[in-house]
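Structure record follows, encoded as structure tokens.
One is the number of the first residue; the rest follow in order along the sequence. Worth knowing before you read on, the calculation uses all heavy atoms, side chains too, and leaves out hydrogens, waters and symmetry mates.
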Amino acid sequence: MRLLSLPYELASRCRAACYRGGLLRTNRLPVRVVSIGNLTVGGTGKTPMVIWTVQQLVEQGRRVAVLSRGYRRSSQEAHLLVSDGHHLLANPLEAGDEPFLIARRCPRAIVAVGRDRYELGRWLLNRVPIDDMVLDDGFQHLSLWRDLNLLLMDATDVEGLKGHFPFGRLREPLTAAARGSTLIITRASEGNGGQRVVRLVEEALGHRIVPVEVDFVPERLVNIRQGAEMDGTAAKGKTAVAVSAIGNPASFERVLREMGLEIVQHVKFRDHHAYRAAEVEAAQRRAEACGADLIVTTEKDACKLAELVGLGHTWWAVRLEPRFKSGEATLLAMLNERFF
């Protein structure tokens, strides 16, 4: 596996070197660009951080657009408007999981998807006035200049930082962290992994780092068909079948246990899985067979599952909110800084 990872590492190093040397061009948009991304494959909590960042900017009165690739979306358009800041204009399959969830959670923000985020940004600017563009999963999208480059690393995935994919989970060498404006350690309270992650990055960069530290706290459960809400503490002691198709299912299990839920089964699918009605029915039968009180999924999965779940079924999505251990004031100051 280490040998297989060498071509991946070499390609990522060469690509970054071409951008640094000017052989490949980095284009700049005439508005501030805030990127949120990571160095690894899989989930580090980018979507909750994108939602939080957009909400902070909107509350400042800024006109915000989110640019996303729309990974594994079904639509073929080069540029797709998911939300115009007033209405949802595409469904989860057309838009992709994360862009649809971001649009639903940030109803006052424009959300658009396209492979080339620079061209997508220009396309939007020709149509609507925008102050800030938030780049979803943009750390490797080097063709677009970013004024603020937020790098997320997961405290629960220290081993994944020790090698390139497929041996480890790195998309780029740890030295690429030098491009980041700040390092954000996610799931920071889970063990002592955050300190180990920081040490690895410090060794790679050769200098000390003061990271932002954040946890994702399960605030409430939301019924995915009816929209009814249940306080997170009300789930304590209940049994649940978990259903997920995300990059870090182990983290989802930890969240459910933190809420006091007893997981009797966890039905796992590949990240970005397109659910079928038969799979939903099978999960429902499992829950009934083992007498589970709830079927619980992630907010991202709920976007796709809502149309497949019957009104009488007890399917709930966990809504996570960022809770900062340290560095929130620093991060807010960065977002408040004006470049244009």
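Distance CD/E94 to CD/Q76: 11.5 Å, rounded to 0.5 Å. Note that NZ of K238 and CG of L261 are 9.0 Å apart. Values are rounded to the nearest 0.5 Å. Taken from CG in D97 to NE2 in H273, the straight-line distance is 11.0 Å, to the nearest 0.5 Å. Between N248 atom CG and R187 atom CZ the span is 5.0 Å, to the nearest 0.5 Å. Note that CG of L294 is 12.5 Å distant from OG1 of T297, once rounded to the nearest 0.5 Å. Annotation: the span from L101 atom CG to S68 atom OG amounts to 11.0 Å, rounded to 0.5 Å.
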- Derivation and outcome, side-chain contact (heavy atoms from CB on, under 4.5 Å), residues V318 and F252: CA-CA 9 Å; V318 180; F252 181 49; 4.0 Å; yes
- Item | Step-by-step side-chain contact (heavy atoms from CB on, under 4.5 Å) determination, I209 to H207 | CA-CA 7 Å; I209 294 171; H207 61 78; 4.1 Å; yes
- Test log, rule side-chain contact (heavy atoms from CB on, under 4.5 Å), inputs F100 and R73: CA-CA 10 Å; F100 183 85; R73 63 185 172 111; over 6 Å; no
- Given the rule in the salt bridge (Lys or Arg N to Asp or Glu O under 4.0 Å) test, do E203 and R199 qualify, once you have shown the distances and angles that lead to the verdict? CA-CA 6 Å; E203 290 171 5; R199 282 198 297 270; 5.8 Å; no
- Show your working on side-chain contact (heavy atoms from CB on, under 4.5 Å) between I36 and D136 and close with a plain yes or no. CA-CA 6 Å; I36 298 171; D136 172 36; 6.0 Å; no
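At a threshold of 4.5 Å between non-hydrogen side-chain atoms, the residues P249 and H266 count as touching. Between V212 and F324, some side-chain heavy-atom pair lies under the 4.5 Å cut-off. Residues L200 and E202 form no side-chain contact, since every pair of their non-hydrogen atoms from C-beta on lies 4.5 Å or further apart. Between N38 and R171 there is a side-chain heavy-atom pair separated by less than 4.5 Å. At a threshold of 4.5 Å between non-hydrogen side-chain atoms, the residues D293 and T314 do not count as touching. Residues W315 and R225 fail the side-chain proximity criterion, which asks for heavy atoms closer than 4.5 Å. Taking the side chain as every heavy atom from C-beta outward, R254 and T156 approach each other to under 4.5 Å. Between F269 and D301 the shortest side-chain heavy-atom distance does not fall below 4.5 Å.
More than 12 heavy atoms of other residues, nucleotides or ligands sit less than 6.0 Å from atom CZ of R72. The local environment of NE2 in H87 is sparse, with at most 12 non-hydrogen atoms from other residues, nucleotides or ligands closer than 6.0 Å. Crowding of K325 atom NZ: a count of heavy atoms from other residues, nucleotides or ligands under 6.0 Å exceeding 12. By the neighbour-count criterion of 12 heavy atoms within 6.0 Å, atom CD of Q195 is sparsely surrounded, having that number or fewer from other residues, nucleotides or ligands. Summarising the local packing, CZ of R63 is surrounded by more than 12 heavy atoms from other residues, nucleotides or ligands at distances under 6.0 Å. Crowding of R108 atom CZ: a count of heavy atoms from other residues, nucleotides or ligands under 6.0 Å not exceeding 12.
L151 and V201 end up in the same hydrophobic cluster when Ile, Leu, Val, Met, Phe, Trp and Tyr side chains are linked at under 4.5 Å. A continuous path of ILVMFWY side-chain contacts below 4.5 Å connects V82 to V50, so both sit in one hydrophobic cluster. Cluster membership for W123 and L135, using ILVMFWY side-chain heavy atoms within less than 4.5 angstrom, is shared. Cluster annotation: Y118 and L67 are assigned to the same hydrophobic cluster (Ile/Leu/Val/Met/Phe/Trp/Tyr, side-chain heavy-atom contacts under 4.5 Å, transitive). Linking ILVMFWY side-chain heavy atoms closer than 4.5 Å, directly or via other members, places L152 and I246 in a single hydrophobic cluster.
Counted by atom type alone, S12 and E172 present zero donor-acceptor pairs between their side chains at under 3.5 Å. Between the side chains of S181 and N149, not a single donor N or O lies within less than 3.5 Å of an accepting N or O. Looking at R105 and T47, their side chains never bring a donor and an acceptor atom within 3.5 Å of each other.
Across all their heavy atoms, F139 and S35 have their closest contact at N-OG, 3.7 Å. Among all heavy-atom pairs drawn from L174 and A204, the shortest one is CB-CB, 3.7 Å. Between A95 and V113 the shortest heavy-atom distance is O-CG1, 3.7 Å. Of all heavy-atom pairs between V197 and D154, the closest is CG2-O, 3.8 Å. The two residues V158 and G193 come nearest to each other via the heavy atoms CG2-O, 3.6 Å. The two residues L88 and S83 make their nearest non-hydrogen contact at CD2-CB, 4.4 Å.
With respect to R319 and E299, a salt bridge is recorded, a charged nitrogen being found less than 4.0 Å from a carboxylate O. Ionic pairing of K300 and D271 is present here: one or more N-O contacts between side-chain nitrogen and carboxylate oxygen are shorter than 4.0 angstrom. Residues R323 and D215 are not paired through a salt bridge, judged by the lack of any N-O separation under 4.0 Å between the basic side chain and the carboxylate. A salt bridge links E159 with R196: the closest approach of a Lys/Arg side-chain nitrogen to an acidic carboxylate oxygen falls below 4.0 angstrom. Between E288 and R285 there is no salt bridge, since no side-chain nitrogen of the basic residue lies less than 4.0 Å from a carboxylate oxygen of the acidic one. Electrostatic pairing of R28 and D147 counts as a salt bridge here, judged by a charged N lying under 4.0 Å from a carboxylate O. Remark: D137 does not engage R69 in a salt bridge, criterion side-chain N to carboxylate O under 4.0 Å.
A donor-acceptor contact shorter than 3.5 Å links the side chain of R169 to the backbone of V41. A distance-only check finds a donor-acceptor pair linking the side chain of T26 to the backbone of L142 [under 3.5 Å].
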